Amino acid sequence: MTRLASAFAKGRPALVTFVTGGDPTPDATASILDALVEGGADVIELGMPFTDPMADGPAIQLANLRSLGAGTKTADILRIAAAFRARHPEVPLVLMGYANPMTVRGADWFAAECVNAGIDGVICVDIPPEEDPELGPALRNAGVSLIRLATPTTDAARLPAVLEGSSGFLYYVSVAGITGMQQAVQASIDEAVARIKASATIPVAVGFGVRTPEQAAAIARVADGVVVGSALVDLVAKHGADAAGPVKELTAALAAAVHSARKEIA
Amino acid sequence: MVKRARARDANLDKPRGLCQSRRMSAEPTGATPNSFRSQPDDRGHFGQFGGRYVAETLMPLILDLEQEYRRAKADPAFQAEFDDLLEHYVGRPSPLYFAPRLTEELGGAQVWFKRDELNHTGAHKINNCIGQILLAMRMGKTRIIAETGAGQHGVATATVCARFGLPCVIFMGATDVERQKPNVFRMKLLGAEVVPVTAGAGTLKDAMNEALRDWVANVNNTFYIIGTAAGPHPYPELVRDFQSVIGKEARAQMLSRIGRLPDLLVAAIGGGSNAIGLFHPFLDDTSVRMLGVEAAGHGLDKEHAASLAGGRPGILHGNKTYLLQDEDGQITEGHSISAGLDYPGIGPEHAWLKEIGRVDYTSVTDTEALDGFQLLCRTEGIIPALEPAHAIAAVKKVAPTMGKDQIILANLCGRGDKDIFSVAEHLGVSL
Ligand SMILES: Cc1ncc(COP(=O)(O)O)c(C=O)c1O
């Protein structure tokens, strides 16, 4: 079983956490990633900074700028990933970012670097299924999961195209909008997850706008995973290189809520 | 028979790509199998460029837009309404003007201008806005957003929104808000909300990011009127089609005025909409050479906005095209004296036309553009915008290398009223 598959096969919903790589500095990222693991996160998403994060709200935009401002290069992100893999052989690590930094040296180069760094999956915001040839074949050939996004605008007719060629998990973006906005109403999430799970053979994780353990628990009752990003990135913004403590604390609260969500109703 | 240009400019001496029999019909001919005018393919690609690199949230909407555009294109009522508005609201056709004193001063080819600066709102941008707002209404959208650099596209969008009674939000980089104050005030007078964008350098690319973010969050009711021939498919195609009125008119006007086609077309390039609008109807006229003029800012070895000259292919704002970027694919800030050219990318069709060699591209600096600006004021009594001042600067270099029997047609795509304050500043004049 792949690391990603194991993370979703623990008999309970998974907590997926996002922080931007290199924020506040490349050197500080390791301790923040460790805090996520120690807090109980099941999957780690590492953001690759980009100058033009079009799908992100103010919190993650600023994280991208802090990271680039600290001089973070693609080589730093790969180094951070490889070092993480050495410290945490079992925890799945996913790179999330935008098409241009991922494809600028060629998709095959990127896929090979992902393999070298022990990266399990890649989420690329601005490569929809229509442009899959840009990155998908290279990742699949290298055995790296391409994790696609489904959104409230992905209707039943489109869903099969989104699922085709994706693996690891499906990331359901619960709101039509950018990261860090208000959460969608729970009823609409319940309905969408039920609809998607009816056709998906891979786990479905839900994110965008999830900030609190309560929100995370409500989603974990229906979804296979819950993704939290901006709330953690806000802690990094506030505490900088000392963010590990607060990040671990919030992660632990989120993990407890997510992991026990189904027991509460049972 | 038209004599070939005796161009000394090395750029202009390259082979012309596909060879085709000469045509000189009154109407540009339709696309043939080996035509330069049959792009993009049905996935929105111009060769390796273009495409639809957008977040999943936008993808269904982009597909809807494409469908609706196909229907509109086939609908005579849509075309009739577009034509009617262009004639009676925009003031088309715009004149084709022979510039006698400029021609004499340059001492070479005859210089003609397509006078799109005389359009309502003072630039070519309105042609596209009319087309897109008609599409927006066909799609039942009730709110319009747009990005703007120089403010010309913002003004044109605010204008059509006022004309059709739709609310309008314009995203504009904070730096551009500062250097284009008259246009900010115009947009507000027209009822638009102007949102200054402080991210990045606060110029056109940042405004476009913010417009895309707004769009993702308001997909159901909002139509995004993109201001140049870039962005995800079908925008590069539909903006080109709406702007092609420039080239179609110019082609017919040339034939009826002097019975022949020009030897060289020249146009400034920001995203490339006025240039592709002029060029596209002539692409299969193999005797007609074309020159796109990018902004070389402080110089190609310093800060500039010449994506073809100084960039590499990459993905941004929904399309694959030439981008100013570093080795990691981070986008670098452009610089041009002209806010309308200050963009680190270029429309994908230009990237393709460059690669196949059908169109030549060059660049001129801020200083050369300022010279071109003053040259046209002085010789022809026309104050151009700083964007076409780049085209004029290129004409100034090329015309003397061509014979007096040859013809250059340059696109005068905007008037300079908006720029007099910044030009004064650059010339050290306090108003
Ligand atoms: C007068 C004028 N010309 C040219 C441009 C550049 O755009 P494009 O290359 O799409 O024509 C602008 C953009 O604002 C403009 O205002």
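Just so we're clear, the structure is a prediction, and the values are computed from it rather than from any experiment.
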Toward chain A, the part of B/Ala211 with a non-hydrogen atom under 4.5 Å:
neither
Among A/Asp155, A/Val104, A/Val175, who wins on heavy-atom pairs under 4.5 Å with chain B?
A/Val104
Please flag which part of B/Leu63 lies under 4.5 Å from any non-hydrogen atom of chain A: side chain, backbone, both or neither.
side chain
Can you tell me how far apart CG (B/Asp214) and CD1 (A/Ile178) are? Round to the nearest 0.5 Å.
9.0 Å
Under a 4.5 Å heavy-atom cut-off, does chain B meet the side chain of A/Ala157, its backbone, both or neither?
neither
Within 6.0 Å of CD in A/Gln186, more than 12 heavy atoms from elsewhere:
yes
With a 4.5 Å heavy-atom cut-off, do B/Arg213 and A/Met181 have their side chains touching?
no
Where on A/Pro152 is there a heavy atom nearer than 4.5 Å to chain B: the side chain, the backbone, both, or neither?
neither
d(B/Asp206 CG, A/Met54 CE) to nearest 0.5 Å is 11.5 Å
Measuring from B/Ile315:CD1 to A/Asn100:CG, what's the distance to the nearest 0.5 Å?
6.0 Å
Within this structure, what is the NZ-CG distance for the pair A/Lys73 and B/Asp326, rounded to the nearest 0.5 Å?
5.5 Å
Give the member of A/Thr151, A/Asp56, A/Thr103 that has the highest number of heavy-atom pairs under 4.5 Å with chain B.
A/Thr151
Taking only residues two or more places apart in sequence or in another chain, which ones pass side chain to side chain contact (heavy atoms under 4.5 Å, CB included) with B/Asp241?
B/Tyr69, B/Lys73, B/Glu237
Let me know if B/Glu327 has heavy atoms under 4.5 Å from chain A in its side chain, its backbone, both or neither.
both
Taking the side chain as every heavy atom from C-beta outward, state whether A/Thr153 and B/Pro60 have any pair of such atoms under 4.5 Å apart.
yes
Under 4.5 Å heavy-atom distance to chain A, tell me which part of B/His45 shows up: side chain, backbone, both or neither.
side chain
Expected contact set for residues 121-138 of chain A against chain B at heavy-atom separation under 4.5 Å reads A/Val125, A/Asp126, A/Ile127, A/Pro128, A/Pro129, A/Glu130, A/Glu131, A/Pro133, A/Glu134
Check whether A/Thr51 reaches the backbone of B/Gln330 with its side chain - one donor and one acceptor, N or O, closer than 3.5 Å.
no
Please round to the nearest 0.5 Å and tell me the distance separating atom CG of B/Asn209 and atom CG of A/Asp52.
4.5 Å
Are the side chain of A/Arg148 and the backbone N or O of B/Glu56 linked by a donor-acceptor pair below 3.5 Å?
no
B/Leu316 portion near chain A, given a 4.5 angstrom heavy-atom threshold
side chain
Out of curiosity, A/Phe208 CZ to B/Thr57 OG1, how far, rounded to the nearest 0.5 Å?
7.0 Å
Top of A/Leu65, A/Val173, A/Leu68 for chain B proximity - count of heavy-atom pairs under 4.5 angstrom
A/Leu68
